[in-house]
Each structure stands twice: as structure tokens, then as C-alpha cells.
Amino acid sequence: MFNIRLLLAAGLLVIPGDSRAADDAGKAAPKEPKTLSAFPLGGERGTTLEVSVRGRHMDGTYAGWFECDDVEIRFLGLEEIRESEPDELVERDPQAKQTELVGHRARLQLRIREDAEVGLHRFRIVTPRGMSNALNFQVFSEPLVLEQEAVEHQTVQAPVVIAGTTKANGELDFYAFQAEAGEQFHFQTFASFPIYIPYSAEAELNLYAPTGSWFDPDRLLRLPWESRPLSWVPVLQSRRQGWGAQFAVFPKPTHRFRNAGRYLVSMGSFLGEGNPDFVYLLRIGTEPPDSSTVLGQPAHPDPADWLERDSGAYAQHGAFHKPLEPDRLKLLAARSAAPATGPGDAEAELETQGDTAHDRVISLLEEQEPNDTEGPEVSTAVLLTGTIDPPGDVDTYRFRVKAGEGLAFEVETPKAAPPQFNPWIWVSGPDGEQVFNNIHFEYGGDGDDVSKSTERKTVFTFQQDGIYRLQIRDLTSRRGGSDLAYRLMIRPKIPHVGRVEYVLGVKGRRLGPTTDRVNLEPGQSKTFTVVCDLEEGFEGGVAVSAENLPSGVRVLPATPAPYTDSLLLGAYYFPMGLESGNIGDFTRFRPVRKGLTMAFVADADATATGTPQLVRLWAQPMSGDRTGARLPLGDVPIMTLSTGQGAAAAEGKKEYEQ
Amino acid sequence: MIAATVRKTWSWTPAGIQMVVALALSGPLLFSGTPAPTPSHPPQALSLRLMPQEIRMWGSDASQRLVVVATLADGTERDVTADSRLEVIDHEVADLRDEAKLVARNDGETTIHAEFQGQVSQASVQVRETRTARPFSFSRDIGGILTRRGCNDSACHGGVKGRGGFKLSLDARHPREDHRWIVEGGTYQVLSPESAEPIRPRVDSKNPEKSLLLQKPTFEIPHGGGSRFTPDSADYAAIRDWVRDGAPVREQEQFRIERIEIFPSYLVLETGQHRQLLVTGHLSNGRTEDLTDQVRYETVNAGLVRISPTGRAEAVDTGETALLVRAPGRVANSRIGVIADAVSAVPEVTRNNLIDRHVFDKLRKLRIAPSSLSSDEEFVRRVCLDLTGTLPPPDRVREFLSSTDPAKRDRLIDTLLETPEYIDYWTFRFSDLFRVSYSSTGTPAHSLVYWAWIRNSLTENKPYDQMARERISAQGNDGPSRHFLQNGEASAPEDAMPEEMRVFLGYRLDCAQCHHHPFEEWSQDQFWGLAAFFGRLSRTEWTSEGAIVVFEDPAGRVPDYEESEDTVKVLHPRTGEEASPVFPDGKPLPKQKTFDPRMALAEWIVAQPNFSRTIVNRMWGHMFGRGIVDPVDDFRSTNPPTHPELLDELARDFAGNGYDLRRLLRLIARSRTYQLSAVPNATNRNDMANYSHRVRRDLDAEILLDALSNVTGVPETFKNNWMGTAPRGTRAIHLRVPDLYSSTFLDIYDRPNRASIPERKNDASLKKALHIMVGSTYQEKIGDPGNRLHRLLKAGKSDGEIIEELYLRALGRFPNDREQARLEQVVATGDSREETLKDIMWAMITSREFASN
């Protein structure tokens with residue numbers, strides 16, 4: 001594995017996530033506003049509160065803008081920030097030293113509707129030079145308490161959501177609360193720490209009892225968490241803009257207190273970094289989080305979400321929570337322009353029997369122990385439910401296939417998910433030999449590492465007739481219990497269009513968004529890429545259209561972006577001399593990925609919109625002369641500007657610097 | 001800015017030197033005078049023992065050497081064989097020869113009597129199968145000669161690559177390999193079964209006398225090892241006849257030596273005295289055989305004890321050493337203490353628990369008087385540092401010293417074992433041992449969960465065998481599984497296995513990776529058989545950000561770049577064959593356990609007697625600065641324990657009481673042995689291995705830095721390499737991933753990087769001396785305007801109060817009258833009160849008394 005820290009230190013790696021490198025590189029182009037943090041990071045439904053947004057190039061801000069109507073926003077005013085950035089940040093970005101680093105703080109009033117959806121809402125500030133990047137704002141149902149800097153051990157009462165900041169390196173914020181004997185508490189954090197090492201833990205929570213000690217009467221005794229101290233939490237691509245990391249490490253621990261008393265929890269950054277933009281929310285509650293209390297999840301589902309892979313991820317990381325239901329074949333049919341009819345395809349054979357793969361009925365079956373070595377014969381359109389319990393448990397099923405028949409094996413883990421529960425599927429043939437399993441080999445890291453991953457979906461075409469045996473277990477033999485529940489679907493292979501999403505901009509050799517908005521002056525154009533996952537042998541095409549475009553703005557096909565097909569494979573690095581980053585059976589686990597380059601083009605007479613608006617992009621599968629259903633592939637925030645805003649802004653900044 | 005201020009306002013002055021001298025001269029650690037020992041007189045025999053007490057002889061050529069031991073009035077034992085009268089009752093059954101050797105004649109039973117100074121002893125004799133000779137065995141007969149003559153010693157042909165193109169296994173441990181080398185010839189290559197040079201047999205079946213195996217050791221042709229025997233010797237004849245007979249193997253499993261036993265296993269001699277050893281072999285057929293004349297004897301320290309080829313030990317100088325006895329395939333050891341004959345009887349000492357019984361019994365044998373019980377001042381500082389790594393606060397010192405509770409020491413030990421500081425300290429210690437580091441795991445988040453597992457285990461006082469099982473067989477994504485990641489990749493079997501064996505069983509097997517262990521019984525096959533338990537160690541990467549899952553993959557570990565799936569198998573480097581999991585006793589992994597081999601290995605490891613011995617020894621080493629086996633994780637036949645019975649009893653006690661680490665520490669801390677003073681007496685001044693007095697040792701880097709921060713009241717700032725800072729007040733022992741935090745002080749004081757199992761040495765060095773004089777750590781803490789001294793001055797404390805406070809905090813004691821008066825005088829006459837007090841503080845925290853425990 002390569003050492004990111006080393007590359008950072010050596011100045012060999014420019015962090016795409018920190019756009020200052022590009023922003024402040026002395027270009028003459030006008031600066032788009034850039035927001036860094038919002039405090040507080042969230043608010044209670046039905047309340048009105050003032051939020052402070054810190055950022056750069058925010059001069060001229062005149063409004064704020066939410067993507068939905070759940071939160072009303074009013075711009076109150078703008079203040080200058082003349083403090084310099086912490087030395088650590090300057091050292092990290094040599095370019096930043098060349099520019100005097102100043103910023104702004106915008107004051108916004110937010111009114112959260114009583115019926116606002118709980119979850120993350122995206123908002124931006126608006127300037128004459130366009131809208132800023134999005135910030136997340138969490139809406140929740142519990143009372144909000146703000147951190148009191150002057151109080152050493154701030155007392156709070158659960159349930160509560162605390163908003164705080166770790167302003168300085170090494171800062172720990174302590175919150176005290178009362179617990180009854182036997183009472184279980186649930187803690188959650190959602191932080192917006194601009195840490196650029198994606199696989200380091202970000203926020204860290206610790207639990208203490210004020211027991212004192214023979215050595216020190218004020219000593220706090222650190223208590224072990226009842227549950228895991230850290231959790232790997234999916235992070236939206238928009239939050240990790242440019243970096244490409246889909247996961248951050250946030251603690252979501254629980255603890256049942258044996259004794260009644262006063263306890264404390266500390267909040268800080270894992271590696272002790274801090275600055276005024278390190279904002280966080282800490283939820284302390286006695287009820288386990290559900291959809292109305294969980295932090296960090298989007299309030300409104302991503303229109304491009306599809307029950308297969310995670311957004312922005314080529315591998316199936318984290319996709320084990322995608323629900324599997326008996327209507328899956330219908331859903332797949334909607335994403336398929338036509339049934340596959342290739343020679344020797346089992347589906348064609350089925351079709352001739354008056355039954356198409358799409359029309360088959362998924363049966364349901366619950367596992368019956370004992371089934372460690374032998375199990376029931378099931379159909380090849382079945383949803384199996386079971387539990388790995390006790391540790392080392394193996395559940396066995398049998399199914400019958402014909403030579404040439406293609407099946408897909410999908411698994412959902414509705415409770416514990418990887419890395420706590422890693423479903424491991426083995427399929428062995430009539431001779432008892434293993435035919436395949438759901439572990440995929442792939443080159444990763446800096447190219448000389450080979451990684452294995454357990455895959456949520458495995459597609460396999462059988463070469464021999466016979467009865468095959470499927471076994472499912474946990475990757476380890478240490479874990480078992482009701483949490484290790486699975487839903488395993490065996491179904492016919494159905495060629496279809498999987499996830500389709502757009503990416504604004506491509507930087508370097510990596511496919512990932514370099515921006516999350518489109519600010520257009522009249523006469524300007526900005527390209528974007530549509531990425532289509534063609535699953536299970538889909539060989540057709542995809543048509544793209546747009547709705548709700550601003551006046552004078554069109555979407556046009558463009559010449560391909562200057563990247564290679566390898567970018568579409570999702571691997572970041574490739575070993576020298578290797579054509580592909582994959583060493584296993586690629587099609588068993590991965591779709592074919594195709595990219596389409598397009599452009600937003602503003603006519604010379606396009607009028608300024610004044611505020612951003614969302615443009616809905618659609619995709620439609622095509623095969624031969626048939627088309628499938630329209631699939632939403634996302635909403636793009638677009639704002640058209642007045643001509644010359646860029647020049648005015650540049651002049652304004654010049655005056656500002658004087 | 002602070003550093004600049006320090007340089008301006010405080011610097012090292014001659015007064016500092018005076019303070020150091022003052023402290024050094026007035027501390028309580030000076031050797032105290034003890035009464036001169038009274039000379040001893042030749043005592044009378046009180047009893048007699050003829051050894052062995054039960055003699056069993058099998059075969060036509062069976063014999064048994066005899067030893068007569070008298071117990072004298074002074075409690076010592078003497079070998080009086082030469083001065084005793086021996087008599088066999090029935091000469092038809094057995095007869096005596098020279099040198100007190102009993103020879104079998106006919107089947108039957110009889111008795112043998114010994115008499116010395118009117119004391120008598122007798123032994124029963126049973127003789128069987130005198131019409132049958134023991135059948136030839138290559139390992140016993142040829143291997144025995146090669147062992148006894150030293151041919152297969154590690155310095156000769158038993159070395160890793162052999163010598164002179166001729167390789168033998170050490171002590172004939174691998175007879176079939178030896179037979180091949182002798183009969184077929186060839187030179188040895190470490191990683192290949194092929195011979196590097198033309199094959200040249202060592203035997204000549206047509207002309208046996210021309211065999212190199214005879215010509216070399218008799219020096220008929222030049223031999224680097226010199227002459228080992230003569231052509232007229234029995235050994236020569238045995239080898240010649242064997243060659244003449246076609247050089248067969250004819251291994252006789254039932255006559256294989258399973259174990260050898262030395263009598264006595266521990267021996268005390270006065271200088272000039274001698275003692276004949278008896279060596280008994282326990283054979284695989286359940287019988288015993290006298291091997292006294294068939295083995296090779298070595299002394300670890302010939303300056304203390306000499307040993308003859310026939311097993312006669314002679315005491316040369318005072319001290320303690322070990323004797324090694326090498327038989328074909330087996331090594332055993334015996335310890336010998338040598339005392340001066342003028343030492344008087346040792347007074348009885350109070351014994352608190354089993355530890356004292358063993359330690360004081362041995363001291364008594366060695367005629368060493370233990371030091372007196374430590375003072376309360378000495379004890380309170382010692383036990384706080386040893387159990388918690390933390391200096392006692394002044395108020396607690398005052399409270400302890402003023403208490404008249406006779407059980408206050410026990411109470412303090414119990415209290416300390418329940419403090420958060422105990423958890424902090426032992427988490428630090430076990431994080432060292434278990435190597436929690438960024439350089440190991442490659443990701444801070446991995447290190448964090450690994451560290452948390454250790455801390456939680458100690459917080460709940462998890463049984464140590466459970467900790468071991470959890471780590472050895474770790475899977476998934478939890479803390480202990482992170483140990484099997486090296487920079488995110490699954491550890492290679494040949495790296496993972498030796499570490500587990502060393503940590504939990506105290507065996508260092510690394511050498512056996514490439515060849516049979518050069519000094520021990522570990523073979524290369526055993527190494528790879530054990531390594532194969534880790535051969536399926538693999539990992540998936542659930543996210544690209546490090547949520548890695550460790551698991552057992554029947555397909556093998558993850559192949560590295562350019563590796564094929566074949567190369568990820570565990571291959572024996574010499575044979576090129578795939579290694580299968582095999583326990584060291586040769587038993588393969590049961591088939592039903594093949595899916596989870598490491599769990600089976602974990603069960604095997606915790607069931608080994610050495611499992612408890614190793615952790616007991618390790619904890620003992622932490623408390624005393626020296627293990628009963630030392631180094632603490634180097635158990636081998638050639639490194640015997642100083643107190644084997646104590647180690648065994650502690651291990652049994654530990655295993656029998658739930659593998660409870662706290663209980664073990666309590667037992668050690670409550671012993672009088674642990675609580676002995678560091679002030680030696682005339683009898684124990686030179687004793688460094690028998691725990692007759694406290695041997696002070698330097699504080700480890702982290703403990704010392706924390707103590708400096710504590711005394712000066714200036715916490716250390718730990719900046720990490722990832723742009724963050726540890727929370728203010730973080731101690732060095734709190735750093736969870738220490739190698740993320742650079743520290744000049746810790747580096748100078750030899751903080752280990754945990755890339756391998758740490759072995760702390762704490763040697764004196766020039767860089768440490770320079771850092772004490774001009775180093776930033778001392779200067780900045782003493783010059784800090786908010787430090788403890790400034791706070792005391794600001795609070796209006798008098799000179800005497802400040803001096804007392806510093807003494808209590810740094811040294812855990814009050815200044816004595818002389819120190820108090822002298823230091824108050826120095827302050828009163830100094831140019832600047834503040835500067836002089838800074839000098840005193842500097843002198844205190846740079847003193848030997850402060851920096852050691």
C-alpha cells in the first residue's frame with residue numbers, strides 16, 4: 001500500500017478535495033464562492049435558528065438556497081474573517097502560502113418546517129458569481145443544544161443533539177449526562193471535519209465515569225464501549241467531492257450503564273486535528289436511532305439511487321443494505337429494453353416454454369436448521385431468508401440448473417452489514433467441487449496489491465446440467481446471532497441498465513466530480529459525463545435527456561472527455577504493463593461501464609436566473625428498436641449569471657486585497 | 001517563544017552540579033553496613049543419602065553410577081562418595097566397580113549400603129534381562145558418540161551449515177538426516193535440499209578404517225576439530241563395526257530418549273568443593289537408563305564451575321551458573337550456586353507467600369541474606385511506578401507514611417490495582433508487547449481498535465488465556481484481528497507464527513525458518529508445520545478506506561503482485577512441498593478443524609505449560625527488572641530459569657486462578673521479596689539474579705517523561721505526523737499509536753518503534769547525558785512560567801515547603817534533615833531565589849534516584 005501521508009509531505013500528491021490549490025493558483029478567472037462549514041450543523045424541526053457559514057470568495061452574497069422546501073433560508077449579513085488559517089493547513093497546501101488567506105462568514109436565518117424530512121439537506125449561498133458548493137444541514141427531531149466553550153463539562157439531558165466545534169488541535173469537548181441503572185444509551189455523531197486522509201477515523205467519542213482516582217480525585221475513568229468504538233459509514237460523493245472516498249469512520253456506539261450516575265462523553269477528532277471548520281453534531285439518546293433520528297443520512301433519496309451498487313463506487317462496497325424484494329424481476333425488466341435472446345441462453349429456452357425470465361415469480365423460503373451440510377432444493381427464482389447463528393453456522397441449499405443457464409446471486413444484509421457481517425457464498429457442483437464463490441480478486445492500492453472483496457451480486461453461467469449446492473456463511477467463524485441475518489436471492493440473469501449517474505468534471509486520471517454545481521455565464525459551456533453500468537450482459541445503449549433547463553441553456557452531446565476507458569473501470573491505479581486492474585472473472589462481479597460526454601451550453605443571450613434551479617437528467621435504455629423505462633439519473637443545480645460578473649468579481653477582490 | 005525565554009532566563013549553572021552531588025550523597029540508596037559474616041567450621045554429617053534410591057537396570061551391559069551425599073550440620077550437602085563405604089548385599093545380581101559404578105550381572109534384586117561418619121543409607125537394586133543386549137540404534141549408538149565427543153556441537157558440524165563440508169544435526173536430533181549426511185555425503189545448503197558440492201560419503205564400507213568418520217576424529221588426516229578419540233577407544237571400535245556392518249540405521253523407537261534428568265537439578269557448592277552429577281535417561285519404552293557416562297557436559301561459566309567429561313563438577317569461584325548436559329536428541333540443564341565457605345548461617349526472614357518460600361529457600365542455600373524490608377518511602381514510590389507507571393502525589397505519600405495500619409501496604413496494592421492509572425499503564429505495556437503501532441497496521445484507525453481491545457480487556461480483567469485465544473485466532477474486523485495486518489496486507493505465515501510463539505510461549509523460533517534451530521530442538525519442519533496454521537490468513541477489503549476483514553481463506557492468502565495462486569501456498573523452503581498444519585509434537589491438525597486452524601492452534605498454545613510460565617515470567621520481569629528466565633521471552637534449554645520451581649508454582653497458581661493478571665501482580669507485590677530494600681548487605685551485594693535485594697533500574701522513556709511532566713507540572717505536547725495534537729494532558733503512556741507522535745525525548749531514551757517485539761534496554765548513552773544538560777525537554781519544563789515551581793512561589797510557599805514538595809513529588813519521600821538544611825542554605829545564599837530553586841528542581845529530576853525505580 002502506498003503512504004498518502006508520505007506523498008503529501010513530499011508534495012507529490014495534490015488533493016483534489018481541497019480546491020484551494022486550483023482556486024488560489026493565481027488564475028485570472030473569477031472565483032466561485034466556496035463554503036467550508038456551517039454552524040450549527042443542524043437544527044430541530046419546527047424551529048428557527050441562525051446559522052453561520054464560513055468560506056471564501058463569498059463577497060457579494062445575497063441569498064441562501066436549499067434544494068427543497070423543507071427549510072426556508074434568509075440571508076442576514078456577511079462578515080469578513082481576517083484571521084489566518086492554521087499553519088497546518090498552509091503547510092499542506094504550498095499554493096496557499098502565496099495568497100493572503102481571508103474569508104467570510106455569512107449569517108443566515110433558517111426556519112425548519114414542522115414536517116421537514118429528517119436527514120441531511122443540502123444548501124448553498126448565492127453570490128453574483130454563482131452559487132457555492134453545497135453544505136449539509138441535518139434536520140432532526142430532538143432539541144438542539146449548542147456547545148458552551150467556557151464550560152468544561154457541559155451538562156445535557158437526553159435525548160439531545162449537541163452542535164459543537166473542535167476549534168483547536170487537541171481539543172476535546174466534554175458533555176455530562178445522567179443515566180439510570182440498566183439504561184442503554186445510543187450515541188451518534190455526524191461531523192464535517194475537513195480531514196484529507198480518508199481512511200483515518202474522523203470524529204472520536206469516548207465515554208467516562210467521574211470515579212476519581214487515588215492519584216487524582218478529578219480523574220475520569222474511561223469506560224469501554226459496549227459496542228464497536230468505530231463504524232465505517234458511507235459518505236455521499238458530494239461530501240467527499242473530488243477525493244473519491246465513499247466512507248468515513250464515525251463512531252456510533254451504544255452503552256448500557258450498570259450503575260446509575262453521572263457520566264461524560266468526549267468528542268474530538270481522532271488524530272487531534274482541529275480548526276474552526278471542524279463542526280459536528282452529537283446525538284445522545286436512550287432509544288436506538290431509526291429513520292427519524294439517525295444522523296448523516298440524506299433527507300431525500302438520490303433520484304439516481306438504484307438497488308444495486310453504491311453511488312460513485314464501482315465495486316459493491318456497502319451495497320449489502322440494498323433491499324431485495326419479490327418484485328425484483330419486474331424492476332429489472334423496467335431497466336431492460338428487451339429480453340436477452342442470445343444463442344444458447346437459458347432464458348431464450350425458457351421463453352420458448354412460454355415463460356420469460358421477467359415473468360417468473362420469486363418464491364420465498366425461510367431457512368430451517370439443521371442445514372450445515374444438506375439443505376432443501378429450491379427454485380432458481382427464490383428469495384431465501386436466514387440467519388448465521390451460532391458462529392461458524394453454514395446454511396445450505398440446493399438448486400437445479402441446465403447447461404448454459406445464467407443465474408444471478410444477490411445478497412442483502414438487513415441488520416448487521418459488512419464489515420461486521422460478511423456473507424460468503426459458495427456454490428459447488430454435482431461432483432462436490434467448488435464452482436465459484438462471491439470473493440472477487442482485484443488489483444488495488446498503488447497497483448502492486450491484490451485485494452479481495454466479498455461481493456453483493458455474483459453472476460454465473462453454468463456449464464453443466466445438475467444439482468448444485470449453495471452454502472452461505474459469515475466470512476469469519478467468530479460471529480453469529482440474530483444480527484447476522486441475510487436475504488439471498490437466486491434469480492435468472494437479466495441484462496439491464498444498472499446505476500446511471502452524472503459526474504460534473506473529470507480531473508486527472510480519476511473519474512469523480514470536481515465540482516457539484518454549474519454556474520454559467522452567457523456563451524459558456526461546461527461538460528459532464530454520464531456513466532452507465534451495463535449489468536449482466538446488457539448490450540444496448542442509453543439515451544439521455546434533460547428537464548427544467550434555464551432559459552437559453554441547452555444540453556448537447558460533446559466530444560469524449562480526455563480520459564481512457566480504464567477510468568471507467570473504477571480502479572484508480574494500475575500496475576505497470578497491465579491492461580486491466582482485474583485479475584479475476586471480471587463479468588462475474590462487475591458491469592461493463594460506459595461513459596457519455598455531454599455539455600451544458602449557455603447561449604449568448606441566456607438570461608441570469610438570479611437563483612439556482614435543479615435540472616433533472618433522465619436516462620432511457622435502448623436495445624435495437626426498443627426502449628425501456630425512463631430512469632432518473634440525478635438533479636443538477638444550475639445557475640446562469642449576468643455577463644461580466646466574473647470581471648466585476650475579480651476587480652472586487654482586488655480592491656478587497658488592497 | 002517559550003524555548004527562547006528559557007534560554008534567556010534559566011541555564012545550567014555550577015549550582016546545579018552542587019545539587020546533584022548533594023542529592024547523590026544524601027539519598028537513602030547508599031550501601032548500608034551489615035554485620036560481618038562469621039566464619040564457618042567443618043560440620044558433622046547429620047544424614048546420608050545414597051543416590052539413586054531405587055536402581056533399575058535392564059540389559060546385559062547395564063550399569064549405574066552411584067553418589068553418596070551427606071547433609072551436614074550447617075544445612076549444606078557434600079558429595080562424600082569417595083569417603084564412603086559401599087557394599088552390595090548380593091554380588092550375583094550386581095557388583096561394584098571403580099568410581100562407585102554398579103554393574104548388572106544377573107537378573108534379580110538386591111540392596112546396596114553406604115556408610116559415612118556413622119551415617120548409613122541404602123538403595124534397592126533390581127536387575128532384568130541380563131541375557132539380552134540392547135539392540136543397535138543409530139541415534140543412540142552412533143549419534144551418542146557424535147554427541148559425547150562434541151562432533152555435532154553448534155560450533156562444529158552441528159552448526160547451521162556444518163563445518164568443512166560435513167553437516168550433522170545438533171546433538172543428533174535428526175538421526176535420519178545425520179545418517180544421510182554420513183553415508184551419502186554432500187554439503188548443506190540452507191534453502192535447498194541439493195548439495196552445493198560433489199557428494200562425498202563419510203564412510204567407506206570396503207575399508208571401514210579409511211572412513212572419514214574415523215580418520216578425521218582420530219587425526220589420521222588433518223581435522224579442524226582436532227583429535228576427538230583414539231583408534232584404541234571403544235567409540236572408534238563402535239563406529240568401525242557399524243561401518244563394517246553396512247552402516248545401517250536400525251532405529252529403535254522403544255529405546256529413544258524421551259527426557260533426561262540430572263541429579264541434582266540444583267546444587268550449592270562451596271568454593272573448592274566438587275560433586276558428581278547423575279544423568280538418567282527416560283526412554284520411550286518407559287524404562288530409565290543411567291546416561292552419566294554417555295553424555296556431554298558443558299558449563300556456561302567455567303570461571304565459576306568446571307565440569308569433567310564424566311560429570312564431576314568443581315566449584316571455582318562464587319556465583320551461580322548452569323551446567324548443560326547433552327544426550328542424543330536431548331538437552332537438560334542444572335544450576336549450581338557457589339558460595340564462600342566463610343559465610344555464616346542466614347537468619348530466618350518473614351515469608352508472605354509462596355514467592356518468598358522459593359526465593360528465601362534458595363537464598364538460604366546460597367548463604368545470601370536478603371536485604372531488610374524496604375522503607376515505606378521506598379515502597380510507596382516503587383509500587384506506584386511498577387503497578388501504575390505513575391509517581392505518587394505528595395498528599396498520598398504523606399498519608400501513607402503517617403498511617404500506622406499494619407496492613408497498609410496490602411491495602412495500597414489493592415487500591416492501585418483498581419485505579420484508572422493501572423489500566424493506563426498496563427494498556428501501554430501490553431500495547432508494547434502486542435505491537436500497537438502505525439508502522440505495523442498501516443492505518444491509525446486499525447491501531448485504535450486494536451488498542452481499544454487491549455484496554456477493554458484489561459479494564460474488565462479478561463482472563464489472559466482468553467486474550468491469547470482472541471488474538472491468535474483473530475478474525476473479522478475487531479481489534480485483535482488488526483494485529484495480522486502489515487500495512488493493510490495479511491501477515492505472511494512465517495512472520496505471524498513466530499511472533500505468536502514468542503509472545504505466548506516464550507520461544508524464539510525465527511532461526512528455524514531457514515534451518516533447524518542452531519541451539520534448540522526446533523526443527524525446520526516444526527517451523528513450517530506451525531507456520532502452515534497461518535497459511536490461510538487472508539483479508540478482504542470491504543472499503544478502499546481500510547475496513548479490512550481478516551479471515552481464513554481455503555484459497556490461501558492474498559497473492560502479492562506477480563505472485564500466482566500457487567505461490568501463496570505455504571511451501572517448505574528446502575523441500576519445496578506444501579506445508580500442512582502440524583503441531584510441534586508431530587500430530588497433524590484434525591481434519592474437522594481444518595477450516596479454522598488458528599483456533600486449534602490457539603487451544604494448543606494456551607494448553608502448553610509454558611503459556612502460563614511465559615506470562616508469569618513476563619510480569620515478574622516487569623516487577624523486578626529481570627525475568628526468572630531472562631530475557632523474558634527466551635525460554636530454551638540453554639537458558640534455564642533461576643528459580644524453576646517458583647516459576648512452575650506461579651504458573652500453576654496463575655492457571656488455577658483464572659489466568660488473572662491482577663491477582664498475579666497482587667501476589668508478586670505482596671511478597672516480601674518484592675518489598676525488599678534496594679540497600680544491599682555484605683552477603684548480597686553481588687547478587688543480581690536471586691532477588692535478595694531490590695535492583696534498581698532506569699525508568700523507561702515514557703515513564704520518565706511522564707514523571708518529568710508530573711514533577712514540573714508542565715504537560716508534554718504531543719504533535720502527530722498527521723497534523724493533529726493529542727489532547728492537552730495526554731501522558732506518553734496514553735499515546736495509543738505512539739509512532740504517530742514524534743518526540744525527541746522519547747527517541748533519545750530509546751522508545752521502541754514496535755516494528756518488532758520491543759526489547760527495552762535503557763542503556764546509558766552520551767545523547768542522554770547531553771539531553772539532561774542542555775536538552776529542550778528539561779530546559780523548557782523548568783523554564784516554563786506556569787510550571788509547578790512558579791505556582792509554589794506564587795502561592796507564597798517558603799523555601800522549606802517548596803523543597804519538601806519537590807522531594808515528595810519527585811522522590812516520594814521527605815528530604816532528610818541534612819538535605820533540608822543544606823538546600824535551604826543554598827537557596828538563602830544564592831543570587832536569585834527563583835534561579836536557585838530551578839537549579840534544585842533540575843538537580844532533582846536529573847538525579848539517579850528520580851530516574852530509576
Side-chain angles (χ1 to χ4, degrees), chain A residues 1 5 88 91-92 169-172 197-201 204 211 213-216 219-225 228-230 232 245-249 268-274 315 317-318 392 418-420 422 439 441 443-445 447-454 475-479 575, chain B residues 384 388 390 392-393 396 415-416 419-421 423 442-445 448-449 452 455-456 459-460 473-478 487-489 538-553 555 558-561 563 595-596 599 717 719-728 730 740:
Chain A
M1 281 202 165
R5 169 67 195 165
E88 290 83 352
E91 284 171 9
R92 186 191 305 153
N169 276 10
E171 180 177 326
L172 282 184
I197 309 302
Y199 49 75
S200 68
E204 184 182 358
T211 57
S213 155
W214 185 82
F215 292 92
D216 176 4
R219 169 70 200 249
L220 300 175
L221 173 64
R222 187 175 180 148
L223 300 176
W225 288 113
R228 293 172 55 80
L230 292 175
W232 271 255
Q246 286 85 40
F247 294 85
V249 186
S269 112
F270 169 52
L271 290 169
E273 197 177 350
H317 302 323
Q420 279 78 40
N422 308 276
I439 291 184
F441 281 61
Y443 279 107
D448 63 357
D449 306 318
V450 176
S451 64
K452 294 178 181 177
S453 56
T454 43
L475 206 55
T476 78
S477 47
R478 302 286 177 276
R479 289 181 57 82
Chain B
C384 284
T388 68
T390 307
R396 292 296 191 181
T415 299
L416 293 175
T419 58
E421 286 78 6
I423 308 293
T443 305
L448 172 68
V449 294
R455 185 178 176 90
N456 295 349
T459 303
E460 64 187 62
S473 64
Q475 292 184 347
N477 188 246
D478 294 333
N487 276 321
E489 301 298 333
S538 192
R539 62 106 176 91
T540 63
E541 199 160 347
W542 175 67
T543 77
S544 55
E545 287 76 47
I548 291 172
V549 177
V550 172
F551 73 113
E552 303 286 334
D553 190 346
V558 176
D560 205 348
Y561 181 46
E563 283 185 329
F595 200 84
D596 206 349
M599 182 62 99
T717 299
K719 288 189 173 183
N720 63 44
N721 305 334
W722 295 56
M723 304 157 198
T725 306
R728 184 168 172 78
T730 298
L740 285 180

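Chain identifiers are assigned alphabetically (A, B, ...) following the order of the sequence lines, protein sequences preceding nucleic acid strands; residue numbering begins at 1 within each chain.
For chain A, the nearby parts of Glu421(B) are the backbone and the side chain; heavy atoms of each come within less than 4.5 Å. Both the backbone and the side chain of Thr390(B) come within less than 4.5 Å of a heavy atom of chain A. Only the side chain of Thr388(B) comes within less than 4.5 Å of a heavy atom of chain A; its backbone N, CA, C and O stay farther away. Only the side chain of Ile439(A) comes within less than 4.5 Å of a heavy atom in chain B; its backbone stays farther off. Contacts of Leu475(A) with chain B are made by both backbone and side-chain atoms, with heavy-atom separations under 4.5 Å.
For the pair Arg479(A) (side chain) and Gly476(B) (backbone), a donor-acceptor distance under 3.5 Å is absent. For the pair Asn169(A) (side chain) and Ala726(B) (backbone), a donor-acceptor distance under 3.5 Å is absent.
Residues Leu271(A) and Asn720(B) approach most closely at O-ND2, 2.5 Å, considering heavy atoms. Minimum heavy-atom separation, Trp214(A) to Thr419(B): CB-CG2, 4.0 Å. What you find for Thr540(B) and Ser453(A) is that their closest heavy atoms are CB-CA, 4.1 Å. When all heavy atoms of Phe270(A) and Ala445(B) are compared, the pair lying nearest together is CE2-N, 3.8 Å. Nearest heavy-atom pair across Arg396(B) and Ser213(A) is NH2-O, 4.2 Å. Residue Phe215(A) comes nearest to Pro392(B) through the heavy atom pair CE2-CA, 4.1 Å, listed as atom of the first residue, atom of the second, then distance.
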task = Begin with the C-alpha distance, continue with both residues' side-chain angles, and end with the deciding distance and a verdict on side chain to side chain contact (heavy atoms under 4.5 Å, CB included) for Leu448(B) and Glu204(A).
result = CA-CA 10 Å; Leu448(B) 172 68; Glu204(A) 184 182 358; 3.9 Å; yes
request  = Report the C-alpha separation of Arg728(B) and Glu171(A) in whole Å, then their side-chain angles, then the decisive distance to 0.1 Å, and conclude whether the salt bridge (charged side-chain N to carboxylate O under 4.0 Å, His left out) test is met.
outcome  = CA-CA 8 Å; Arg728(B) 184 168 172 78; Glu171(A) 180 177 326; over 6 Å; no
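One finds the CD atom of Glu460(B) at 12.0 Å from the CG atom of Leu223(A) (value rounded to the nearest 0.5 Å). Atom CG in Asn477(B) sits 10.0 Å away from atom OG1 in Thr476(A) (nearest 0.5 Å).
By the 4.5 Å heavy-atom criterion applied to side chains, Lys452(A) and Ser538(B) are counted as neighbours. Counting heavy atoms from C-beta outward, Pro224(A) and Arg455(B) have side chains that stay 4.5 Å or more apart. Using a 4.5 Å cut-off on side-chain heavy atoms (C-beta onward), Gln475(B) and Ser477(A) make contact.
The residues Asp596(B) and Arg478(A) are annotated as salt-bridged, a charged nitrogen and a carboxylate oxygen being separated by less than 4.0 angstrom.
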